[in-house]
Amino acid sequence: MNDLIQHLINGLAAGTIYALVALGYTMVYGVLKLINFAHGDVMMVGVYMGYATAGHLGREHQSTFLGATLVFLLSMAGCGLLGFLIERLAYRPLRDKSRLTSLITAIGISFTLSYGFQLDIGFLPGASPRAFPEIIKPHEWIVIGDHDVIIWNWQVISFLIAILLMLGLQILVFRTRFGRAMRAVSFDHRIAALMGIPVDRVIAFTFMLGSALAAGAGILYAIKDTAVQPLMGLYVGLKAFVAAVIGGIGHVPGAVAGAILLGLTEEFVVGYAGDVLRGLGAVLHLDSLGVGFTGSSWRDAVAFGFLIIVLLVRPEGIFGRVTAEKV
Amino acid sequence: MESVAAPRFSGVPGWLRGPLPILLSLPILALAQWATAQAPFLVYIASIVGVNVILAVSLNIVNGMTGQFSIGHAGFMAVGAYIAGKFSLETKDVYLPFMQSVAASDQLMFVFALLLGGAVAAVFGFLVGLPSLRLKGDYLAIVTLGFGEIIRVIVQNTEMFGRALGLSGIPQRSSIFMVMFWVFLTILAARRIASSAHGRSLLAIREDEIAAEAMGVNTTAYKVRAFVISAFFAGVAGGLFAHFVGIINPGSFTFVKSMEIVVMIVAGGLGSTTGSIVAAVFLTLLPEALRSIFTQLGGGDQTLAQRVDQIRMPIYGMLLVALMLLRPQGLFGTKEIWDVAPKWLSRRRKGMR
């Protein structure tokens, strides 16, 4: 039982971080109908920005409240700028071309960032993983029993930050003039332009917003995972994308729900798939094949398996609406 | 649309027209085999180029001709490599008594291993092709990517395939003859598909899926078939790769490998077989050339040469972005080399349009 609660907590913590990244995907998809493949890598860049900022602050300042806030804000601002540049230089010129063109461009940017950061030329950090500084000093917040269930303070803090950012986003999208413009562009950007909405500016701002969220999520992820490396964005990004699709891409609460569902599923697979597989293996005599039975090594396959099932059974996602295709 | 006029050989009996190019290729390949017998490095480079050409041309059947965007080609390659490699490892010492020599028996077993690897990869192609019934564009891309990753995770967790260490000691039975023969076969298949009724249907799906369906093209069946054919050749390419490298591990078949192939076909022009070939040859030779140049310059100092490998991937990324911004149709677009090359090259085809 305690096991179950612990997995539940870990899954929730992971899910909220995926949710923040997934929101960026979903917003960009909403306004541009583009899967921003580079989103995860923008997140990775944000983590490195946080790493550099914390390094400059030094050990005694980085874990103060002010220092940690500075780390968050600076890397979010930096990533917002990066998102703006990517949109301006790479996506905007291609907006009226076929969607495949934008998709290939996005893959190209993703590659440039993730493999560019593996070089160790100039300011680029190189491929070896680094330990992310403890901008939140980890200590056990709640301990149940004899360390059966542990809730860490960073889990609570990142949960709160994630909820706060999501609430802010919800208010921005549904309660402000700008949010209304965003929704209008998402509905039909040509008509929105006719109505006097500055489409370019709205799209650019959406990109900046999504990238800033990604940076925040990335730092939370780095606090959880403690290791920083240039390829982290690729996998976290893909998983967040999967979460966005599960929830119905373009749907803001859907992305959050999908992400939490994914976080929980992954955690349970890691926790229990070993047992299930071992049981199955004993029944089906899989031992002779020598399939590995530790759950954690299957973690990466979970997201994609989940995605394929969702796409086959309900391609529009859990909350997505079925849209009829007009010929 | 591309011109797909089939070359006509007057005076060649009908039954010979099908296999004629293959028969013609055999002595040329034998000659190449004999000429390169003393140059192992050349054979190695040519084999890598050959494998990449097979991969690019086969991926082009799905991405270029059919217009579906698959980015998990390395997964099929992995299936072929592991199945063929495992088969050869298990049957290392099997000698077929009806063959004259051990070498000939080995070669026959090698062909069988390649076909087996290709066939299993084709089955996987069928399985991945199935979701393409319901998915389009970006979604399909992600599913193929996910499939490639799942294959890698499965292999990494399976004792039979050596987990993360992979398989080693695969008998090195590959030869320039065999690699080039399959290169030739792949290109021939791609060209013949393009100029057949089947290929026309694929092109119709690429141009407008709804219109194609309205014209009576069974889009689902054709898409799945394109996947199966493409996966088969990728599997064969994997098998060839396994048999000249001798060691395979999951690290050889990551997302990066898939992307390399995608870069090749995008650079060559989606839908252009000759474009894929040119780009595959060029993009394979370029890093190799740079590496040997840097090795020479560094006077045996390897660090500069190692840099080439590191810097290759970001450059591929930037190349993709630059291509999309400046020349989204790639080198040849959907045309073939003789459609864009100067007149003297295409003289043979004059009046055949």
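Lettering of chains follows the sequences in order, A, B, ..., and the numbering in each one begins at 1. Computed from a predicted structure; not experimentally measured.
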### Query
Is chain A contacted by the side chain of B:Ile71, its backbone, both, or neither, given a heavy-atom distance below 4.5 Å?
side chain

### Query
At what distance, to the nearest 0.5 angstrom, does CG of B:Leu323 lie from OG1 of A:Thr101?
11.5 Å

### Inter-residue atom distance B:Leu270.CG - A:Ile104.CD1, 0.5 Å rounding
5.5 Å

### Query
For the residue pair B:Pro314 and A:Leu119, what are the closest heavy atoms and their distance?
CG-CD1, 4.2 Å

### Query
Under a 4.5 Å heavy-atom cut-off, does chain B meet the side chain of A:Phe306, its backbone, both or neither?
neither

### Message
Does any backbone or side-chain atom of A:Tyr91 lie under 4.5 Å from a heavy atom of chain B? Answer side chain, backbone, both or neither.
### Response
neither

### Per-residue contact mode, A:Phe117 against chain B (heavy atom under 4.5 angstrom)
neither

### Query
Distance from B:Phe255 atom CZ to A:Ser114 atom OG, nearest 0.5 Å?
8.0 Å

### Task
Taking the side chain as every heavy atom from C-beta outward, state whether A:Phe111 and B:Leu320 have any atom pair closer than 4.5 Å.
no

### Query
If you count heavy-atom pairs under 4.5 Å with chain A, which of B:Ala322, B:Ala211, B:Gly146, B:Ala214 comes out on top?
B:Gly146

### Query
Heavy-atom count around B:Arg327 CZ within 6.0 Å, excluding the residue itself: above 12?
yes

### Message
Can you tell me how far apart CE (B:Met324) and CD1 (A:Ile107) are? Round to the nearest 0.5 Å.
### Response
10.0 Å

### Task
Please report the shortest heavy-atom distance between B:Val321 and A:Ala90, naming the atom on each side.
CG1-CB, 4.4 Å

### Task
Select one option (side chain, backbone, both, neither) describing which atoms of B:Val256 are under 4.5 Å from chain A's heavy atoms.
both

### Message
If we define contacts as heavy-atom pairs under 4.5 Å, which of A:Leu94, A:Leu89, A:Leu34 has the most with chain B?
### Response
A:Leu94

### Message
Given heavy-atom pairs under 4.5 angstrom as the criterion, report whether the side chain, backbone, both or neither of A:Val242 touches chain B.
### Response
neither

### Query
If you measure from CD on B:Glu149 to CG on A:Leu234, what distance do you get to the nearest 0.5 Å?
8.0 Å

### Query
Where is the tightest heavy-atom contact between B:Ala141 and A:Leu103, given as atom of each residue plus distance?
CB-CD2, 4.1 Å

